[in-house]
**Q** 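Before I ask anything, let me first share the structure, which is written out below as structure tokens.
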There are 2 protein chains.
Amino acid sequence: MPFDLLLNNISRYIQLNNGEKEIFFGYLKLKSIKRKEFILTAGEVCKYSTFVTSGCLRGYTVDKNGAEHVLSFAPPDWWIADIYSLISQKPGILNIEALEDTETILLTKANQEKLYTEVPKFERFFRILTENSLVANQQRIVDNMSLTAEERYSIFCKRYPTLIDHLPQKQIASYIGVTPEFFSRMRSEMLRKS
Amino acid sequence: MPFDLLLNNISRYIQLNNGEKEIFFGYLKLKSIKRKEFILTAGEVCKYSTFVTSGCLRGYTVDKNGAEHVLSFAPPDWWIADIYSLISQKPGILNIEALEDTETILLTKANQEKLYTEVPKFERFFRILTENSLVANQQRIVDNMSLTAEERYSIFCKRYPTLIDHLPQKQIASYIGVTPEFFSRMRSEMLRKS
DNA sequence: GTGGAAAGATGATGTAGGTTAAGAAAATTG
DNA sequence: CAATTTTCTTAACCTACATCATCTTTCCAC
């Protein structure tokens with residue numbers, strides 16, 4: 001059952017009966033994404049919430065100097081979307097790219113709205129999802145303002161232990177907000193100290 | 001009617017009939033806060049969503065070096081809370097303080113939950129509120145990673161024109177993530193250039 | 001497997017913004 | 001309105017991190 005991981009993800013916050021599950025499944029679509037393929041690029045309108053079942057995606061912006069800034073990684077069991085664009089249905093700023101071959105489940109904005117009407121529990125589910133995301137983002141703002149790069153990296157390691165091994169370190173550097181060069185130096189510095 | 005501003009705030013996203021308004025009003029409490037008074041301090045559990053009708057609040061954290069970091073201002077027509085603490089009902093990290101004498105409307109977490117059950121529309125309202133907040137926070141992360149302090153200040157001026165005049169500039173400095181000294185220098189630098 | 005591209009390491013040098021300190025101006029409070 | 005506290009300004013010096021350049025290593029496509 002390809003939806004198992006997703007059902008389990010959802011059951012953390014709301015309980016669905018079989019009828020509700022059927023309705024839900026009807027609104028989903030499976031999609032495979034090849035490594036380096038994009039499912040969204042800046043300037044496009046985001047049409048889907050994407051749930052990752054295997055592989056890994058990353059969401060990033062490109063600033064006016066051409067530098068990339070990773071906003072989020074989406075390993076299995078995570079949702080990803082350009083929330084701004086998805087909500088407003090205006091062109092977004094996020095690029096979402098597969099870091100490796102990735103399997104996903106898509107829920108269109110339109111279907112999500114239908115789901116809210118037909119199974120109102122989903123309103124709760126996505127509210128909670130958004131709340132959690134907001135909390136994480138707020139914490140990240142605080143961390144960026146008050147911690148050194150080294151401290152932010154330690155936090156990243158604790159929070160995403162599974163990601164550290166198989167993620168190119170320039171991606172991690174970008175996520176914590178430093179250049180790959182500085183990140184490399186910082187890491188060898190940290191090893192030397194320990 | 002002290003609830004006018006709040007009703008108007010809500011009507012941007014959901015429409016309430018008179019019965020629903022009555023239920024809603026029954027769950028609200030008015031509270032006046034004196035300048036420099038705190039409605040929440042780090043370590044406490046956040047019990048309310050607070051809506052400001054006049055005056056201004058600020059939410060900030062204190063890092064391990066004792067430095068303050070402003071996460072949000074709440075001028076009239078804004079909601080404020082320690083979302084993390086409010087959701088989890090665990091001790092939070094936010095201090096919320098009145099920058100001037102302020103009038104507020106409080107909605108307890110418990111009443112908010114009741115509202116979700118009795119008037120499910122509110123689930124939608126707070127979902128949208130959270131979504132908007134998430135979008136703003138995400139943008140702030142991007143801005144902090146990719147813009148200079150000067151650019152962040154320009155954005156702040158455009159986004160919160162009413163705040164600039166009557167906010168001590170050290171508070172603005174803290175919000176955009178620089179020291180008051182640097183902020184002062186930067187501002188005179190900007191004036192010189194223009 | 002091998003050739004080319006991407007990722008990583010490392011050194012020299014540059015800069016945005018921090019720190020410390022001290023005085024001037026403004027705003028609160030009694 | 002005077003006293004006191006808070007905020008703002010300016011200046012000298014400092015540091016975390018960026019940039020640029022070059023070299024080595026790893027990866028992956030054919």
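Given the structure is predicted, the values throughout are model-derived calculations rather than measurements. Chain naming here is simple, since letters A, B, ... match the order of the sequence lines and numbering starts at 1 in each. Heavy-atom basis, side chains included; hydrogens, waters and symmetry copies ignored.
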**Q** Of the nucleotides D/dA18, D/dC8, C/dG17, which one has an atom closest to the side chain of B/Ala149?
**A** C/dG17

**Q** Mind jotting down which residue pairs meet the side-chain hydrogen bond (donor to acceptor under 3.5 Å, both in side chains) criterion with at least one end in residues 79-96 of chain A? Sequence neighbours excluded, please.
**A** A/Asn9-A/Trp79

**Q** Over how many whole Å does the gap from B/Arg185 atom CZ to C/dG18 atom C1' extend?
**A** 8 Å

**Q** Separation of B/Asn144 atom CG from C/dA16 atom P, in whole Å?
**A** 17 Å

**Q** Would you mind classifying the nucleic acid contact of B/Arg35 as base, sugar-phosphate or nothing, using non-hydrogen atoms under 4.0 angstrom?
**A** sugar-phosphate

**Q** Between atom CZ in A/Phe183 and atom P in C/dG8, what is the gap in whole Å?
**A** 9 Å

**Q** Can you tell me if A/Ser184 touches the phosphate of C/dG8, counting only side-chain N or O atoms and a distance under 4.0 Å to OP1 or OP2?
**A** no

**Q** How many Å lie between NZ on B/Lys34 and C1' on C/dT28, as a whole number?
**A** 14 Å

**Q** Measure from CD on A/Glu151 to P on D/dA16 and round the result to the nearest Å.
**A** 11 Å

**Q** Choosing from C/dT19, D/dC17, D/dC20, which nucleotide comes nearest the side chain of A/Glu181?
**A** D/dC20

**Q** Write down the atom of A/Tyr60, the atom of A/Val70, and the distance for their closest heavy-atom approach.
**A** CB-CA, 3.8 Å

**Q** For A/Leu191 and C/dA9, what is the distance between atoms CG and C1' respectively, to the nearest whole Å?
**A** 13 Å

**Q** Is the gap between the ring centers of A/Tyr175 and A/Phe156 under 6.0 Å?
**A** yes

**Q** To the nearest Å, how far apart are B/Glu189 CD and D/dC8 P?
**A** 19 Å

**Q** List the steps, then state whether side chain to side chain contact (heavy atoms under 4.5 Å, CB included) holds for B/Leu167 with B/Tyr160.
**A** CA-CA 11 Å; B/Leu167 223 53; B/Tyr160 307 100; over 6 Å; no

**Q** Figure out the CZ/P separation between A/Phe182 and C/dG17, and round it to whole Å.
**A** 16 Å

**Q** Looking only at side-chain N and O atoms, does B/Thr179 come under 4.0 Å of OP1 or OP2 in C/dG18?
**A** yes

**Q** Using a cut-off of less than 4.0 Å, is there contact between a side-chain N or O of B/Arg152 and OP1 or OP2 of C/dG17?
**A** yes

**Q** Side chain of A/Gln169, heavy atoms from C-beta onward: which of C/dA7, C/dG17, C/dA9 has the nearest atom to it?
**A** C/dA9

**Q** Please lay out, stage by stage, how A/Gln169 and A/Phe183 fare under the test side chain to side chain contact (heavy atoms under 4.5 Å, CB included).
**A** CA-CA 8 Å; A/Gln169 68 187 50; A/Phe183 186 76; 3.6 Å; yes

